[in-house]
Amino acid sequence: MEQAGVATTVPHRPIRIDLAGVRDRRETPDAWTEIKLEARQLTVAYGHRVAVRDIDLRVPARAVTAIIGPSGSGKSTLLRALNRMHDDTPGVRVAGTVLLDGQPIYGPTVDPVQIRRRIGMVFQRPNPFAMSIFDNVAFGLRVPGARRPRREVAERVERALRQAALWDEVKDRLDRPATALSGGQQQRLCVARALAVEPEVILLDEPTSALDPIATGRIEELMRELVDEHGYTVVVVTHNMQQAARVSDLTAFLTVGPDHAGTLVEVGPTAQIFTNPRDRRTEDYITGRVG
Amino acid sequence: MDFFTETFRPVTIGARGGAGGVLHAIVGSALIVGAALLLATPVGILAGIYLAEFRGGAAATVIRFCTDVLSAVPSIVVGVTAYVLIVQRTRQFSGLAGSIALAALMVPIITRTTEEMLQLVPQTVREAASALGAPRWWATLTVVLPMAMGGVVTGVLLAMARAAGETAPLLVTVLGNNQLTVDLFGPMQALPLLAYRYTEQPFQILNEQAWGAALILVLLVLGTNVAVRVLTRRRTRP
């Protein structure tokens with residue numbers, strides 16, 4: 001640390017992010033031309049406090065998009081606006097547009113329940129319901145309005161558990177309470193639960209922040225598999241830059257703006273954001289100078 | 001043993017031996033409180049769900065206010081109200097009128113406990129259900145309410161114990177009856193009522209039966225509370 005009072009010129013430090021695992025798809029930008037989810041001039045406010053302001057974000061189909069940024073930059077707020085989770089919270093106002101396949105999801109005739117069936121979500125802490133493993137995964141298939149026949153439920157539960165890489169661990173105890181699973185297993189169960197509904201987009205809100213490194217690794221592998229093998233579109237909020245570098249194709253960087261509201265600084269291919277950011281604020285953040 | 005198996009037998013001055021039992025009061029109490037339970041439980045639980053899950057809005061404020069007022073109303077006031085509204089109109093003292101009066105005392109207790117227990121269920125659970133495309137009411141029924149069930153049952157049992165011991169509302173509604181009856185539409189006997197009436201009698205044997213009835217009530221309340229303890233302990237254990 002430099003002494004107080006000494007004029008500080010921040011030396012240019014080399015970027016310390018380990019880039020060994022960064023996926024380099026810069027050469028094939030065509031892969032991301034299909035836009036699955038798009039936010040236009042999206043602003044979310046809690047009462048009078050604006051949490052994120054004027055966000056323009058395009059999420060390409062069949063890719064992992066990571067949203068990074070310091071605490072309070074509105075990452076989770078932005079993510080929750082993408083499948084109308086704010087609708088349930090009194091006092092939250094959402095302005096601007098969110099398009100799913102070009103269709104506005106905040107339209108007056110759009111049912112938020114239907115939107116959430118197309119855009120699933122996994123939360124920060126594993127939150128299995130107090131029921132059996134099977135019933136947890138089957139929950140979204142037994143909801144009124146989306147009820148599935150019994151045989152299809154069983155098939156989809158198995159498929160979802162396989163996709164979430166949990167099947168082999170739980171296939172013999174599907175009727176046991178889900179709360180008996182370990183934290184990492186519970187989180188994969190929550191992913192499976194979201195997958196069973198067969199959404200088009202999966203939003204993950206810091207899905208590994210409550211997990212140990214091994215469980216974290218499995219969730220990260222899972223995110224890649226969902227995109228590479230099963231064709232999902234994944235958006236993940238993370239405060240862990242290494243994680244963003246490891247799993248994402250695109251990275252969006254949010255920061256706290258001068259008006260204390262979250263603003264989107266830049267979006268780009270992950271390799272570019274981490275090696276050659278266009279904005280000084282992004283560089284400062286990923287090199288660890290702030291945040 | 002006659003105490004539990006017989007009903008009232010007239011007492012004559014100087015006569016020795018038993019004066020019958022309180023079976024009619026035990027049966028009466030069970031029926032009156034049972035009917036009150038059937039009336040109060042759905043209303044109380046639904047009101048609790050409404051307050052906890054759909055709070056905000058003028059209706060919730062009004063309901064919460066009414067609940068608070070109702071829980072503070074002296075039980076004799078509830079009894080007199082039931083007397084005016086039911087007994088006078090039907091021109092008939094009845095067990096059912098007593099049940100309705102007791103139900104009015106139970107509803108606020110059940111409502112409050114249900115609301116508090118539902119509020120203890122983490123918000124993340126509701127979010128998770130919502131994110132899976134579940135409508136609010138469905139999530140409440142299938143996920144939130146089952147998680148709070150132990151506490152809700154506790155509230156119902158405590159309300160029942162409270163109602164079983166109430167005397168004042170019964171005094172002016174079920175009146176009392178010396179015969180065994182299962183007719184909820186006529187006058188009945190109940191344990192607290194019997195205890196009250198018998199203490200006013202000049203016969204020592206009846207005074208003693210009043211003590212006996214009081215003991216049954218105390219044991220009932222104690223038993224209920226123990227049951228609640230056991231239930232909640234099992235619930236909190238993972």
Side-chain angles (χ1 to χ4, degrees), chain A residues 76 79-80 82-91 111-131 135-147 160 177-180 186-187 189-190 192-199 201-205 210, chain B residues 45-46 48-64 113-155 231-238:
Chain A
S76 294
L79 192 75
R80 296 163 65 91
L82 297 181
N83 72 339
R84 294 191 62 168
M85 286 303 289
H86 290 306
D87 286 30
D88 292 340
T89 324
D111 179 5
V113 171
Q114 296 297 333
I115 290 301
R116 295 188 197 119
R117 285 183 195 146
R118 296 178 62 192
I119 309 178
M121 191 163 197
V122 175
F123 298 87
Q124 196 165 347
R125 299 197 148 271
N127 49 6
F129 302 134
M131 43 177 96
D135 288 344
N136 260 277
V137 183
F139 182 84
L141 306 172
R142 290 168 171 171
V143 158
R147 190 173 273 280
T179 41
Q186 285 186 11
Q187 192 64 309
L189 182 75
C190 292
R193 195 168 63 178
L195 293 178
V197 187
E198 296 187 350
V201 182
I202 307 268
L203 309 177
L204 300 105
D205 188 359
Chain B
I45 290 183
L46 285 178
I49 290 175
Y50 182 79
L51 289 184
E53 300 298 313
F54 303 90
R55 60 176 165 276
T61 315
V62 171
I63 292 178
R64 191 171 290 122
T113 336
T114 305
E115 183 190 358
E116 279 165 22
M117 290 304 135
L118 289 177
Q119 278 171 354
L120 288 181
V121 177
Q123 199 58 35
T124 55
V125 170
R126 295 181 183 87
E127 283 182 346
S130 171
L132 290 168
R136 192 78 183 267
W137 63 270
W138 178 259
T140 304
L141 279 184
T142 59
V143 181
V144 182
L145 194 56
M147 285 179 83
M149 214 52 206
V152 173
V153 171
T154 303
L231 262 179
T232 47
R233 184 176 309 159
R234 194 173 299 159
R235 273 282 153 176
T236 48
R237 213 179 284 154

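Lettering follows sequence order; numbering is per chain, from 1. As the structure is a computational prediction, the values presented were derived from the model and not from experiment.
- Options B:Ser130, B:Ala134, B:Ala139 differ in how many heavy-atom pairs under 4.5 Å they form with chain A, and the most are formed by B:Ser130.
- Heavy atoms closer than 4.5 Å to chain B are found in the side chain of A:Arg80, but not in its backbone.
- Smallest separation of non-hydrogen atoms from B:Val143 and A:Phe129: CG1-CD2, 3.4 Å.
- Within the model, atoms CD of B:Glu127 and OG1 of A:Thr89 stand 6.5 Å from one another, a figure rounded to the nearest 0.5 Å.
- Contact tally against chain A (heavy-atom pairs below 4.5 Å) for B:Ala129, B:Pro135, B:Pro122: the top residue is B:Ala129.
- Between chain B and the residues A:Arg84, A:Met85, A:Met121, A:Met131, the most heavy-atom pairs under 4.5 angstrom are made by A:Met85.
- Distance check: A:Arg117 CZ to B:Leu132 CG gives 10.0 Å after rounding to the nearest 0.5 Å.
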Full working for side-chain contact (heavy atoms from CB on, under 4.5 Å) between B:Thr142 and A:Phe139: CA-CA 9 Å; B:Thr142 59; A:Phe139 182 84; 3.3 Å; yes

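- Surrounding CZ of B:Arg136 are more than 12 heavy atoms belonging to other residues, nucleotides or ligands, all under 6.0 Å away.
- Only the side chain of A:Val197 comes within less than 4.5 Å of a heavy atom of chain B; its backbone N, CA, C and O stay farther away.
- Scanning both residues, A:Arg147 and B:Trp138, for their nearest heavy atoms gives NH2-CH2, 3.7 Å.
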